[in-house]
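Input: a single structure, listed below in structure tokens.
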Amino acid sequence: MVTDTEITVYHRPATLTDLGTHYCPGCTHGIAHRLVAEVIDEMGLRETTIGVASVGCSVFAYNYFDFDFVQAPHGRAPAMATGIKRVLSDRIVFTYQGDGDLASIGMGEIVAAAGRGENITVIFINNANYGMTGGQMAPTTLPGMKTTSSPNGRDVESQGYPIRTAELLATQEGAGYIVRRSLHDPKNIRLAKKAIRLAFETQVRGLGFSLVELLSSCPTNWGMDPVDALRWIEQNMIPYFPINDFKVHPVIASLRI
Amino acid sequence: MVTDTEITVYHRPATLTDLGTHYCPGCTHGIAHRLVAEVIDEMGLRETTIGVASVGCSVFAYNYFDFDFVQAPHGRAPAMATGIKRVLSDRIVFTYQGDGDLASIGMGEIVAAAGRGENITVIFINNANYGMTGGQMAPTTLPGMKTTSSPNGRDVESQGYPIRTAELLATQEGAGYIVRRSLHDPKNIRLAKKAIRLAFETQVRGLGFSLVELLSSCPTNWGMDPVDALRWIEQNMIPYFPINDFKVHPVIASLRI
Amino acid sequence: MVKELLKGNIAIAEAAVRAGLQAYFGYPITPQTELLEYLSKRMPELGRTFVQAESELGAINMVYGAACTGVRVMSSSSSPGISLMMEGLSYIAGTELPVVLIDVMRGGPGLGNIAPSQQDYNQIVHGGGHGDYYPIVLAPANIQEAIDLTVLAFDLAEKYRSIVIVLLDGSLGQMMEPAELPPMQPLRESYPEWATRGAIGRERRIHTSIYLNPVEQEKTNLRILQRWQEVKKNEVRYKSYFLEDAEYVVIGFGTAGRVALSAVRAARAEGNKVGLLRPVTLAPFPAQQIEALAGSSKGILVVEMNSGQMLDDVMACVKGRTPVHFYGRPGGIVPLPDEVLVEIHRMTEKSGRLNGHPRDQWLERMVQHI
Amino acid sequence: MVKELLKGNIAIAEAAVRAGLQAYFGYPITPQTELLEYLSKRMPELGRTFVQAESELGAINMVYGAACTGVRVMSSSSSPGISLMMEGLSYIAGTELPVVLIDVMRGGPGLGNIAPSQQDYNQIVHGGGHGDYYPIVLAPANIQEAIDLTVLAFDLAEKYRSIVIVLLDGSLGQMMEPAELPPMQPLRESYPEWATRGAIGRERRIHTSIYLNPVEQEKTNLRILQRWQEVKKNEVRYKSYFLEDAEYVVIGFGTAGRVALSAVRAARAEGNKVGLLRPVTLAPFPAQQIEALAGSSKGILVVEMNSGQMLDDVMACVKGRTPVHFYGRPGGIVPLPDEVLVEIHRMTEKSGRLNGHPRDQWLERMVQHI
Amino acid sequence: MQTEIIISGFGGQGVLFAGQLLAYAAMEQSLQVTWIPSYGPEMRGGTANCTVIISDEEIGSPVVGSPKVVLALNLPSLDKYEPLVKAGGLLIVNASMVDRAPQRTDIQTVMIPASEIAESLGDKRMANMVMLGALLGNLPILPEEAIAKVLREHTTERMQKLLSANLEALKRGMNYLVEKVK
Amino acid sequence: MQTEIIISGFGGQGVLFAGQLLAYAAMEQSLQVTWIPSYGPEMRGGTANCTVIISDEEIGSPVVGSPKVVLALNLPSLDKYEPLVKAGGLLIVNASMVDRAPQRTDIQTVMIPASEIAESLGDKRMANMVMLGALLGNLPILPEEAIAKVLREHTTERMQKLLSANLEALKRGMNYLVEKVK
Amino acid sequence: MPVKGRVEVTEKYCKACGLCVAACPQSVLSLAMDRLNSKGYHPAELIAAGCTGCGICAIVCPEAAIEVYRELAKAAQPVQER
Amino acid sequence: MPVKGRVEVTEKYCKACGLCVAACPQSVLSLAMDRLNSKGYHPAELIAAGCTGCGICAIVCPEAAIEVYRELAKAAQPVQER
Ligand SMILES: Cc1ncc(C[n+]2csc(CCOP(=O)(O)OP(=O)(O)O)c2C)c(N)n1
Ligand SMILES: Cc1ncc(C[n+]2csc(CCOP(=O)(O)OP(=O)(O)O)c2C)c(N)n1
Ligand code: SF4
Ligand code: SF4
Ligand code: SF4
Ligand code: SF4
Ligand code: SF4
Ligand code: SF4
Ligand SMILES: [Mg+2]
Ligand SMILES: [Mg+2]
């Protein structure tokens, strides 16, 4: 209820449906959803956006956004998005993918989409593990980090090194906007939102493939309380996954939003 | 026949079998084979090496090398090689893959292998098209280049940009040695051989994933005579795919071979 | 109304274009590649969508995405590539979307070879990814049929919100025959009420194959199965030759069916009352027709370019009421009419051992010869 | 000789370890993930190979590579992941390598759900990638069987150079029962004469599935089929309950078979002469046994956790000699004994409509209830 | 003879563990036993339940529609399972967590303030033990000692520390005998 | 009436094209026709052949074991197909490219120096036309004019330029009539 | 005088994760331990005066459960009643 | 005096691609247009004196068809016959 003498500083975005999410308490998937909804609202894209959910905790993303949505097989969201965007080139198409989905099983599809300069946007949630299946090692799991499939901590000798996805994709000519942001505190959340905005602006302008990697928490599988999980992002993930712009199309770089 | 008063400057490598290849005349796949055989000979690895052939013109590579060989599904050679290397860690395992195989259908597997720092060697033949199936566009096809599936020349807007594979893989922590070489003239062939040697040395020393990208000709599908095809590599491919070292493990960098 | 001399792969591609194909996604693989190559030129020319995908996995999921928007969409591949599409196909089936897929089969299993074969029968007709669903499977035996069935495929796909697979062997892809292409249909302008094309002025729509609650999943499966019952009722197609007075029946589809036709003619010329049933729809299978023939004939010979895959379906229809014989050439070999004639003789002269499974008997004979 | 209370997924994993598993490659997917998690700890502990692959495609091809070296190797997954392995499986079959695969099925098609189901029967038993080959398929119904069949799987794989798939539904993966694990077998020390392990002091060896010459491919296919005939002769396994004097027979595998056992017991308690056949090998299928039962019984009821997949195989054996009935719960629902008992009543009281396909009749009844 | 037991409650109430204890104890007695958790559509949190079947012959279905015994640790469980108990069967309810009495008249019911009893013994989480005790007291399918043995031998260190409290909880539960429903 | 024709030779000899000409011509005559290339194990290069079947009823098999007619443009083709020609059938051999005479006595054979004739007309590559001519001359399945029409209407520009030379080649071939094998 | 604000928590969305509580610079938020929402969580609530309407709690809330309002500065308020 | 060398072409391997011909710094290689090898190609051959045994032809040959020999410099030759 807003009174005459007040302004609204924040209200729930219109493109979020009324349904409460199924995410664990404090999981920053929820923040990422909110930011996407805010950007879609601000850009007025509700009627023209089609989302592509992936397989992971965010598999039900389609329940929470009030626009058309489809759900892709594990890792194949960029291919589905390509199929949609190519026949509806004036629509806004984005995928929402986890790190297992995008950087493990779906690496082929995401590189190909970036290589093709597919004019889609990817919201990439890096929470350093496979949340949905109960916390197995992901390509993004940090060295030494314990998961249910690296019970003694990820041993880089036998289990390999974390993949820095944004850096990898930024090598692609077809990429218009590739950045990494984090969801661990208000300042970074604001920066994340701006990045999401710019990613969609990239698509609106037809400047190629755009991706925002978001460092995100998984309190449940990390076995931490939500506040500690955010601190863990800051202290452990950011040193390995630096917050940075890896590729920004000059048109976007010169934009004032 | 060597006489008393002569030295042998060059003889056919011992690890090449007697079988003539099935490659088209002047196809540099043959040169790449020869260089691998020379290196295996020089390093004395014939008895301990297991090769993994891929799907592409080099599918029959196993016919030409005198050591154990297996043949992988299209794009999956790195996974097969992983399976072998993990159970036979003291053997030398390498894949031999084309650009369609490695950079299109097999992108997921090669990134994962590099990410895991899989201690294998990859000989990667970039001939800017799908040779075996008759010259379709590959991820490496140059902008504007005509192929049977880009009949009007590759249009980067709709068909995407060529993928620079070595650069992309060099972003991986697990990679020990990633370079690009070319097979278009004697000097570059010599450098290519040295790179192949260093890639195997990387593996012998357990320094992680090694890959040599080789710019290679496809006279048949390019519709050129073999000599012109080499010139085409130099004039058209190298500007897009620079000859360079993208990642060299310090131990290898300090090696004198 | 003019016939042209057309190659199978090209004929199918152009037939799809004329049937209103709006988007094609594929990946090269012999012996299907010409189809993709043709469309790489033809589709952009018409301002329609063509994408050479990064793989068959990419292709089928691009098809999946495009199908969500309600456009006419197609992919094509050959045996190993089709295997890679199994997960995607299962999702498409679970999401109840219309999709057309062309499978130009080659020799296998594994990498095999590029010669004509019918090795995919089982995976297309019976297997085809996890789950309870059936694609419609059309099996042309000549170029005209390939054209007509390609056009039909789009209509059936939309009518039943189903996957429709046109299944042919590599020889049909490479062969030329005179055939007539259909007129160019206008592209669709209105879209089905389920299409996700952006929620302009309407409620949002969703396409998903998740039904976390098994009760919902079961309902979905039953709904899909009900639709399949409709297909079984309405869409069985087959061709019969000399069946009116046939004492013996040969059954074969696609190229094997054509080869059998030559053999049947030769047998007729010798005075043998032999007929041919050539299934045109492999799914739904002409089960009733075969059951009826089993009742009225003295023997049935199944001819395939594999080790006996449709054979099992025929035997299930025959139910032991008449002896079933088998002749197959797996691995990329097209059987010759003379070989089939020998088998017809074996059947009519009852010279073969008759107890045991026809596949076992055939195998015994084959291994003698290799 | 001591029984422990064991969970299916863990029991299978440890059974494989004790059977001499040297390398495991897999990818997480519910309801199979515990198996992978267990091995992620257990295998390295024993100095053996464990790799979490980048995907199921990666996993099956790592398995393929390791199998070339002659080690005991395994992967595991669940329905959608299994679909992704189809190409790899076809290659492995074409290369004639021994490989063990565990499929803990969930509900589908598509992403479906994680509840227990038997949706993969067709793709495992009939489909399974392009080409003419058959994997051996073992279907445990309890934890002890899951253990014993896992061990057997490795032996059969090597004996027949075959793919062996242990097929179970998610409930068996999650269930606990007392069971006895086998003793720890020593790891193999000598390797088959075909293993590619480096050509030390011998001629080189090659593993490939290409036979560009169709004649060579055909020979390969016939050789594989011959081996399969051996499997069919030697390896059929099933369990029978109350069949001696049974007038009616229920057939079900895995959990559906167990549920049916409870219903059969209840029917017996009512004085109905009903028995149960539970196939333990789905491939090779106990066809002769079912054929014999068809001759001696008044009716057969097939119970499955899908829309009737094994049903077709049973009907092919029955050949119309006795009425066949069907009851299935697709989509992730485990049928309850009471439901099956109702179906037994329907059969013994002949209260159902008997003409038409049993699947059609079942569907009619089901859609009334949803 | 076969007894089917469904134990149902909130996620944290230890219903899966209670079921496993029963299963271990049955195994110790050389009986056949199956334990199976339900997995509903909920991905995590919410209600949990398991079915334990104890028998002297090969067990058929590991799931049942009408169990002989239900242990309902909370209200949703009571609502869901009361109607399903086999006629003549036994329903044991954690009275601390429900606000209504069972309605069925053709079964035997035990209302036991399990959570309160457990709390009085030092840890609310032992309600599951109290419920198990009530089961054994009313339907002697297994001797008390069998459960005690399992608690001693098969449980984690933390449980070992609470061993005597747990045994006491079990005992207290055993004293709650069936109310003949009027 | 059905006539099966196999045309076989080296890759560059235009055997596939010759078969297509036949197929077009048959189509012009409202006959049924199939044209099918063989693809052997060779990936590229080597021998090429195609089978053309012309008939007045629906054509069954597009491939045959014993063709009525074989056009062998080189020695390997002669070796391979001579034994297969149907008894009473016709074998036409490019005598310029073989060093032996046919052996069969139950078929009719034509030995024609097709490559030489073609070369004399300006282009060795027209040997296929000469062979086609020999076919039409000896087995009038199609009128000469039908082929000529196709050559005029269905071929590429380059062929159009060589039209009269090609027609001449065809004619020259037609003059080579069957030798009755002794 | 500091800016005055207030927040409204839509309780049905709240999962008691505590991120807002931890993030509030004024420490005026807390979980209401005395009640459960329909999902079984103790929802967040304002427990003291001092909210500035800064919006930080809303920014960190994963459930979009918080709406934030801020009093218009006196000067900026329209003088006349509308 | 320039170094003297020679090459041997294993003709069965040669595919007449001409890469060696184009690469030879001494221009002493050519394709033997007067004969075909078993694969139907005109094999490469030395056509003139002047080969230095530099090995470049072997380095570019995709078929490993060329072996290269070089005369030992006089001084380096063992004086005594063995
Ligand atoms: C083909 C296939 N393989 C595996 C799975 C199982 N699976 C579901 S979600 C998931 C991991 C998701 O992890 P991530 O993408 O990181 O998302 P998060 O849950 O962490 O947000 C896996 C492996 C599947 N559904 N399909
Ligand atoms: C799953 C699958 N898809 C497609 C093919 C067909 N195919 C064979 S080789 C090839 C391309 C090979 O190109 P490249 O890897 O560049 O090798 P090159 O022949 O150019 O050396 C393709 C697409 C196949 N065999 N399997
Ligand atoms: S499991 Fe992890 S990623 Fe998934 S909803 Fe819970 S906290 Fe978030
Ligand atoms: S097609 Fe191209 S890549 Fe293949 S062998 Fe010929 S020239 Fe080489
Ligand atoms: S608006 Fe600011 S001050 Fe007010 S409760 Fe939220 S975080 Fe605290
Ligand atoms: S951040 Fe949101 S969900 Fe978390 S406690 Fe605060 S209001 Fe509740
Ligand atoms: S060795 Fe050198 S000089 Fe001699 S032929 Fe070869 S390239 Fe020419
Ligand atoms: S480079 Fe080799 S293959 Fe080519 S012409 Fe010279 S010798 Fe022959
Ligand atoms: Mg994740
Ligand atoms: Mg290539």
Side-chain angles (χ1 to χ4, degrees), chain A residues 52-62 70-77 79-80 98-111 129-141 145-163 165 168 221, chain D residues 9-10 13 23-62 75-88 104 106-114 170 173-174:
Chain A
V52 182
S54 61
V55 179
C57 280
S58 58
V59 65
F60 294 116
Y62 57 74
V70 303
Q71 198 287 319
H74 195 24
R76 319 303 173 201
M80 261 189 109
D99 42 0
D101 191 83
L102 182 143
S104 189
I105 193 170
M107 182 56 87
E109 284 71 19
I110 199 73
V111 172
N129 84 129
Y130 287 26
M132 187 189 216
T133 40
Q136 294 76 31
M137 186 180 77
T140 46
T141 295
M145 179 175 170
K146 282 189 188 177
T147 71
T148 59
S149 62
S150 57
N152 302 316
R154 181 178 191 157
D155 167 24
V156 293
E157 283 303 313
S158 65
Q159 300 178 301
Y161 295 85
I163 290 183
T165 309
L168 180 142
N221 288 308
Chain D
N9 281 330
I10 307 299
Y24 173 92
F25 305 92
Y27 189 76
I29 183 168
T30 315
Q32 158 275 160
T33 306
E34 287 161 304
L35 202 163
L36 171 142
E37 290 174 343
Y38 180 85
L39 291 175
S40 76
K41 193 165 165 63
R42 185 79 168 118
M43 293 292 279
E45 229 167 63
L46 295 167
R48 307 187 191 177
T49 298
F50 169 92
V51 178
Q52 179 177 319
E54 60 273 22
S55 69
E56 291 85 353
L57 277 173
I60 195 65
N61 285 294
M62 291 177 190
S75 185
S76 59
S77 188
S78 178
S79 314
I82 297 288
S83 291
L84 287 172
M85 295 184 175
M86 288 300 146
E87 191 204 23
V104 188
R106 50 192 256 171
L111 189 47
N113 58 46
I114 56 174
Q174 296 303 315

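Side-chain atoms are counted along with the backbone in the values below, which use heavy atoms only and exclude waters and symmetry mates. Convention: sequence-line order gives letters A, B, ...; per-chain numbering from 1.
Distance check: D:L36 CG to A:Q136 CD gives 7.0 Å after rounding to the nearest 0.5 Å. Taking OG from D:S55 and NE2 from A:H74, the interatomic distance works out to 9.0 Å, rounded to the nearest 0.5 Å. In this structure, A:T133 OG1 and D:Q32 CD are separated by 10.0 Å, a value rounded to the nearest 0.5 Å. Within the model, atoms CD of D:E34 and OG1 of A:T148 stand 10.0 Å from one another, a figure rounded to the nearest 0.5 Å.
The two residues A:S150 and D:S40 make their nearest non-hydrogen contact at N-OG, 4.4 Å. D:Y27 and A:G100 get closest at one heavy-atom pair: OH-O, 3.8 Å.
Residue D:Y38 does not touch chain A at all, counting heavy-atom pairs closer than 4.5 Å. Contacts between D:L39 and chain A at a heavy-atom distance below 4.5 Å are absent for every atom of the residue.
Between the D:Q52 side chain and the A:M137 main chain, a donor and an acceptor come within less than 3.5 Å of each other.
Residues in residues 99-110 of chain A take part in these salt bridge (charged side-chain N to carboxylate O under 4.0 Å, His left out) pairs, two or more places apart or across chains: A:R76-A:E109. Screening residues 45-55 of chain D for salt bridge (charged side-chain N to carboxylate O under 4.0 Å, His left out) gives B:R116-D:E54, D:R42-D:E45 as the qualifying pairs, with residues at least two apart or on separate chains.
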